[in-house]
Amino acid sequence: MTEGIIIKALSGFYYVQTSDGLVSCKARGRFRLDGTSPLVGDRVLVSVDKDGSGRIDKLFERRNFFIRPAVANIDTMVFIAANVNPITDPFLIDRVAVIAHEAGCELVICINKVDLDEGDELYRIFRNAGYSVVKTSAETGLGAEELREVLRGKVCAFTGNSGVGKSSILNVLLPGADIPTDEVSEHLGRGKHTTRHVELYPLGDGTYIADTPGFASFDIQMMKTIEKEQLQYDFPEFEPYLGRCRFLDCAHLKEPGCAVREALEEGRISQSRYDSYARLYDLTAKQKPWESR
């Protein structure tokens, strides 16, 4: 038996990178029985037959996993955004930021297509919130080396709405990969899902990047149900003010003496981020206990 990492899952086959090379594997039937399906990014133990084919015998414990993108053991989630063709709604980034924080995963925001629009407002919002933000252009190569350095030695996943250039940036980081890309529809203002499956690409120095299918608008699922009381801890810029409100159970919505709202009014928390918090609080408050089962 040998250890490896699943770098691609396609048509019932799992492609496992081992120290001896890439092995095409099937998963043992018991994984279906216990409801544990292998995911790209899983660390596994495989048996290799004489013909070179393999079987996944064991999944090692995951540090995290995501429903969409369907990946496991991610160190850094990279949200690719753009402020032009298509324009990324900041709420999408905020929602992924919450998912990443709940999973103990770093979030890096990459503002692409800066050769067309600098995306200064997106940059300001998320830098002030405490996130790493990198500006790139897949067209000119601007920011590629900075992004590569930020991701060095980590297992990462690119995500973002369709058409923002996830695959294009990966082609810049990994010349010769020839990952399919497509034009953004001028009429619809969004791109096609050119990536059909999740795949980890090795960049060297222990860096892996998963290119994942894009999503449209708000077509993104939570990894798990998040308690509304927990949500405040998923916004890092709230941290200096937590515990300083008049009421211990302050939801930071309409309560008097709220330190978070005071920081908002004084411009220390952005209106965009606060609006996302209020919107997500409403969504989590409406979740029923049985919906998480």
Side-chain angles (χ1 to χ4, degrees), residues 64-71 74 76-83 86-111 121-133 157 159-162 164 212 214-245 247-255 258-293:
N64 57 36
F65 74 94
F66 298 86
I67 295 172
R68 184 163 185 165
V71 288
I74 297 299
T76 302
M77 185 69 73
V78 184
F79 194 107
I80 311 295
N83 201 49
I87 296 173
T88 300
D89 188 328
F91 179 69
L92 284 176
I93 307 175
D94 292 329
R95 192 164 182 178
V96 170
V98 168
I99 295 169
H101 187 263
E102 287 284 321
C105 180
E106 176 192 25
L107 179 73
V108 171
I109 296 146
C110 173
I111 303 173
E121 182 63 11
L122 282 175
Y123 185 89
R124 182 191 65 80
I125 289 170
F126 291 100
R127 280 289 293 177
N128 289 347
Y131 294 104
S132 295
V133 186
T159 191
N161 47 309
S162 301
V164 292
T212 68
F215 51 80
S217 188
F218 300 110
D219 176 23
I220 180 171
Q221 299 174 329
M222 287 290 187
M223 180 190 66
K224 63 179 182 179
T225 299
I226 298 171
E227 297 293 334
K228 62 182 186 297
E229 294 82 7
Q230 175 64 28
L231 191 63
Q232 60 186 325
Y233 302 107
D234 295 319
F235 284 72
E237 67 270 47
F238 286 16
E239 184 177 356
Y241 313 108
L242 299 182
R244 294 170 54 184
C245 300
F247 302 106
L248 292 177
D249 60 349
C250 185
H252 318 302
L253 296 174
K254 297 180 180 179
E255 300 87 343
C258 173
V260 170
R261 287 182 58 81
E262 181 180 317
L264 171 68
E265 292 166 3
E266 293 176 356
R268 286 176 275 133
I269 292 174
S270 78
Q271 188 68 52
S272 172
R273 288 279 291 169
Y274 178 80
D275 289 346
S276 289
Y277 166 79
R279 188 172 176 181
L280 287 167
Y281 189 95
D282 184 60
L283 287 173
T284 56
K286 289 177 179 177
Q287 288 176 330
K288 306 297 188 295
W290 59 83
E291 291 177 341
S292 62
R293 294 174 185 172

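Bear in mind that the values here come from a model prediction, so they are computed numbers and not experimental data.
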Looking at Lys286 and Asp282, does any basic side-chain N land under 4.0 Å from a carboxylate oxygen? yes
Taking Ile74's backbone N and O only, do any of them form a donor-acceptor pair with Asn64's side chain (distance below 3.5 Å, no angle check)? yes
Please confirm whether the backbone N or O of Glu227 pairs with a side-chain atom of Thr284, one donor and one acceptor, at under 3.5 Å? no
Could you walk me through whether Leu92 and Phe79 pass the side chain to side chain contact (heavy atoms under 4.5 Å, CB included) test, one step at a time? CA-CA 9 Å; Leu92 284 176; Phe79 194 107; 4.0 Å; yes
Report yes if the side chains of Phe235 and Leu242 come closer than 4.5 Å at any heavy-atom pair, otherwise no. no
Rounded at 0.5 Å granularity, tell me how far CZ in Arg279 sits from CG in Leu231. 13.0 Å
Minimum side-chain heavy-atom gap Thr159-Ile80 below 4.5 Å: no
Between Arg273 and Ile269 (side chain of the first, backbone of the second, donor and acceptor by atom type, cut-off under 3.5 Å), is there such a pair? no
Any idea which heavy atoms bring Leu107 and Ala100 closest together, and the distance? CB-CB, 4.4 Å
With heavy-atom distances below 4.5 Å as the criterion, would you say the side chains of Phe66 and Cys105 are in contact? yes
Show your working on side chain to side chain contact (heavy atoms under 4.5 Å, CB included) between Glu102 and Gln230 and close with a plain yes or no. CA-CA 9 Å; Glu102 287 284 321; Gln230 175 64 28; 3.3 Å; yes
Hey, does His252 have a side-chain heavy atom less than 4.5 Å from the side chain of Tyr281? no
Are Gln271 and Leu264 packed together at the side-chain level, in the sense that at least one heavy-atom pair is separated by less than 4.5 angstrom? yes
Note, Val108 side chain near Tyr131 side chain (heavy atom, < 4.5 Å): no
Over all atoms of both residues, closest heavy-atom pair of Cys245 and Ala259: SG-N, 3.3 Å
Measuring centre to centre across the rings, with the benzene-like ring taken for any Trp, is Phe238 within less than 6.0 Å of Tyr277? yes
Rounded distance [0.5 Å steps], OG in Ser270 versus CG in Asp94: 7.5 Å
What's the spacing between Tyr123 OH and Glu121 CD if we round to 0.5 Å? 13.5 Å
Should the heavy atoms of other residues, nucleotides or ligands under 6.0 Å from CD of Glu255 be counted, would the total exceed 12? yes
Using a 3.5 Å distance criterion without hydrogens, assess whether the side chain of Arg261 forms a donor-acceptor pair with backbone atoms of Lys254. no
For Pro86 and Ser162 the tightest heavy-atom approach is CG-O, 3.4 Å
Check whether any side-chain heavy atom of Ile109 lies under 4.5 Å from a side-chain heavy atom of Ser132, and answer yes or no. no
Tell me the closest heavy-atom pair linking Phe91 and Ser276, and the distance in Å. CD1-OG, 3.5 Å
Is any side-chain heavy atom of Val133 less than 4.5 Å from a side-chain heavy atom of Leu122? no
What's the separation between atom CG in Asp234 and atom CD1 in Ile99, rounded to the nearest 0.5 Å? 10.0 Å
